[in-house]
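So the structure is just underneath, and the comments pick up after that.
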Amino acid sequence: MTDSKPYTIRWGILATGGIAQKFTKDLVLDPSTRSVSDVSHTVVAAASRSQERAQEFLTSCGCPSTAKAYGDYASLAADPDVDIVYVATPHSHHYQNARLCLEAGKHVLCEKALTVNAAQARKLVEIARERKVFLMEAQWTRYFPLAVELRKMVSEGKIGTVHRVFADLSIGDSGTPEAKWGVENRMVNVDLAGGAMLDLGIYSILWVFQFLYHIQPPQHRLPPNVVSQLTKYPNTGADELTSLIMSFPPLNSHGIATTGLRVSFDPDNKGTAGPAVRIQGTKGEIQVFGPIFRPTRFRVIPLEGFTSVEFADETREIPGQGMFWEADECARCLRDGKLESETLPLEESLVMMDVMDQVRQQNGLVYPEKIETLEYPLPGF
Ligand SMILES: NC(=O)C1=CN([C@@H]2O[C@H](COP(=O)(O)OP(=O)(O)OC[C@H]3O[C@@H](n4cnc5c(N)ncnc54)[C@H](OP(=O)(O)O)[C@@H]3O)[C@@H](O)[C@H]2O)C=CC1
Ligand SMILES: O=C1OC[C@@H](O)[C@H](O)[C@H]1O
């Protein structure tokens, strides 16, 4: 007889900002609303730099009244009731905060970009492996049913051999970025590892990677050659317009990933601009409609003479943001004793970090030493 009780994991939430709220509200939803019955989630604690903020956060997200509110991150990492910590601080802090939790023996789901640079990411992976704890970068988009379906279709050869992928995530609007972001906001503040690439461009890169790297046979999963251009944001020097061409061996397939804060993938907010991702193969093309962090639908356009197929993501009708898909993956990995996710192996996160390092090197974008360093622990994090 099978045990029908779901496998429940106990979350600790580290930081109380915008995405921590969205993620936590998704966690407390009943999994049956998304037809999931094998795993479930409970929030047992949250930590903020202010204890009061942590308590307000737990209440406003609808967490159980027994959940503990901590006024510092170290207390959360030390809580024996926490199985896994969701790290939701700015990029600049991921290395210090995730390391704190890993060293305390906690499993970790860390927001994207995993760290500021590849050396920090390698160190986290090394520690996770040493401690035998689970670590995953929160590239939530990969876990949407739409993305799962697309990887399956392309792997099965629906559009033949893929030779080129275009992907864009640019979020300029009617105002100027200067008026919108100023100089302090984490989107442009170099002290917080701000900039278009680590925050938004990573989605363009992950869409390229899903098809030109991830679904390739293991012997063909090779790091790309990268050429890039980057324009800096006035007054802070973060990147505001970044474009990469990646050439993936052995076919030298091209992945063109773009991002920007001054132009938009969807200028009129009506989808008039067309697809934000185009996956081009020898038998046709698949177009994905953005925003690509939370894609809405895709279209398959086979070679002339065939009918095109539209796929709308029906799961968008169910409650929540869709961040629960990645949370469910974490629960299944913990249940099955896996220390990393097959949908985003740690090695792939490292290759993506290497790509972003190369873009920064090619264009002279260096963040302050205190957030590029491997030194740990540092005060103030
Ligand atoms: N998956 C997705 O769709 C999204 C992912 N993200 C990712 O999530 C992370 C956080 O982004 P977001 O929630 O938008 O950021 P916010 O600025 O809204 O929140 C960040 C939180 O981090 C904590 N923090 C700790 N130190 C600092 C510091 N020096 N400056 C500012 N905040 C600090 C704060 O929590 P406290 O005061 O409680 O300690 C703060 O609320 C980033 O890595 C980003 O890339 C962001 C948006 C969407
Ligand atoms: O991950 C993200 O997706 C949505 C964007 O608005 C946000 O800046 C980014 O961090």
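Atoms within a ligand are numbered from 1 in the order they appear, just like the ligands themselves. All figures in this text were calculated on a predicted structure; none of them were measured in a lab. These numbers come from the heavy atoms of this one structure, side chains and all, not from hydrogens, waters or symmetry mates. The first residue of the sequence shown is numbered 1, and numbering continues consecutively from there.
The heavy atom nearest to atom 25 (C) of ligand 1, out of those in Phe381, Tyr73, Tyr70, is found in Tyr73. Considering each of Arg49, His91, Glu184, Gln96, the one bringing a non-hydrogen atom nearest atom 28 (C) of ligand 1 is Arg49. For atom 1 (N) of ligand 1, the candidate residues are Trp140, Phe293, Phe23; the nearest heavy-atom contact is made by Trp140.
Every atom of ligand 1 is numbered from 1 in the order shown, and the set under 4.0 Å from a heavy atom of Pro90 is 20 (C), 22 (O), 24 (N), 31 (C), 32 (N), 33 (C). For ligand 1, the atoms lying closer than 4.0 Å to a non-hydrogen atom of Tyr203 are 1 (N), 2 (C), 3 (O). For ligand 2, the atoms lying closer than 4.0 Å to a non-hydrogen atom of Arg186 are 8 (O), 10 (O). If you number the atoms of ligand 1 from 1 as listed, the ones under 4.0 Å from a heavy atom of Asp199 come out as 44 (C), 45 (O). Shown in contact with Lys112 at under 4.0 Å from a heavy atom are these atoms of ligand 2, numbered in order with element: 1 (O), 2 (C), 9 (C), 10 (O). In the vicinity of His93, heavy-atom distances shorter than 4.0 Å reach the ligand 1 atoms 26 (N), 27 (C), 28 (C), 29 (N). Every atom of ligand 1 with a heavy atom of Ser48 under 4.0 Å away is listed here by number and element: 36 (P), 37 (O), 38 (O), 39 (O).
Using a 4.0 Å cutoff on heavy atoms, Gln321 does not count as a contact of ligand 1. Close to ligand 1: His94, with a non-hydrogen atom less than 4.0 angstrom away. Within the 4.0 Å heavy-atom cutoff, Tyr86 does not count among the residues contacting ligand 1. Ligand 2 is approached by Met187 to a heavy-atom distance shorter than 4.0 Å. Heavy atoms of Arg294 stay at 4.0 angstrom or farther from ligand 2.
Met356 has its side chain out of reach of Leu244: every pair of non-hydrogen atoms, C-beta onward, lies at least 4.5 Å apart.
Taking the six-membered ring for Trp and thresholds of 30 and 60 degrees, Phe209 and Tyr213 have ring planes inclined between 30 and 60 degrees apart. Classified by interplanar angle (parallel below 30°, tilted 30° to 60°, perpendicular above 60°), the ring pair His41/Trp11 is tilted.
Contact annotation: for Ala54 versus ligand 1, there are no heavy atoms closer than 4.0 Å. Looking at Arg53 against ligand 1, only its side chain comes within 4.0 Å, counting heavy atoms. When heavy-atom distances to ligand 1 are checked against a 4.0 Å cut-off, Glu111 comes that close only through its side chain, counted from C-beta outward.
Ligand 1 has a nitrogen or oxygen under 3.5 angstrom from a nitrogen or oxygen of Ile19. Ligand 1 has no N or O atom lying under 3.5 Å from any N or O atom of Met323, backbone or side chain. By the 3.5 Å distance cut-off applied to N or O atoms, Gly18 is counted among the residues near ligand 1.
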Start with the C-alpha gap between Asp30 and Thr33, add the side-chain angles, then the distance that decides, and say whether side chain to side chain donor-acceptor pair (under 3.5 Å) holds. CA-CA 6 Å; Asp30 181 345; Thr33 56; 5.8 Å; no

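The nearest protein atom to atom 5 (C) of ligand 2, hydrogens excluded, is given as Leu200 CD2, 3.9 Å; this is a heavy-atom distance. Protein heavy atom at the shortest distance from atom 46 (C) of ligand 1 is Arg186 NH2, 3.3 Å. Looking only at protein heavy atoms, the nearest one to atom 3 (O) of ligand 2 is Tyr203 OH, 3.5 Å. The nearest protein atom to atom 9 (C) of ligand 2, hydrogens excluded, is given as Asp199 OD2, 3.1 Å; this is a heavy-atom distance.
Salt bridge status for Glu372 with Arg360: present, with a side-chain N to carboxylate O gap under 4.0 Å. Between Asp173 and Lys180 there is a salt bridge, since at least one side-chain N of the basic residue sits less than 4.0 Å from a carboxylate O of the acidic one. Under the 4.0 Å criterion applied to side-chain N and carboxylate O atoms, Asp38 and Arg332 are assigned as salt-bridge partners. With respect to the salt-bridge test (charged N to carboxylate O, under 4.0 angstrom), the residues Lys232 and Glu240 do not qualify. The pair Arg142-Glu348 meets the salt-bridge criterion, with a side-chain N (NZ, NE, NH1 or NH2) lying under 4.0 Å from an Asp/Glu carboxylate O.
The backbone N or O of Val87 lies less than 3.5 Å from no partner atom in the side chain of Asn97, so there is not a single donor-acceptor pair.
In this structure, Glu52 places its CD atom where only 12 or fewer heavy-atom neighbours from other residues, nucleotides or ligands lie under 6.0 Å away.
The six-membered or imidazole ring of Trp207 lies away from that of Phe293, with a centre-to-centre distance of 6.0 Å or more.
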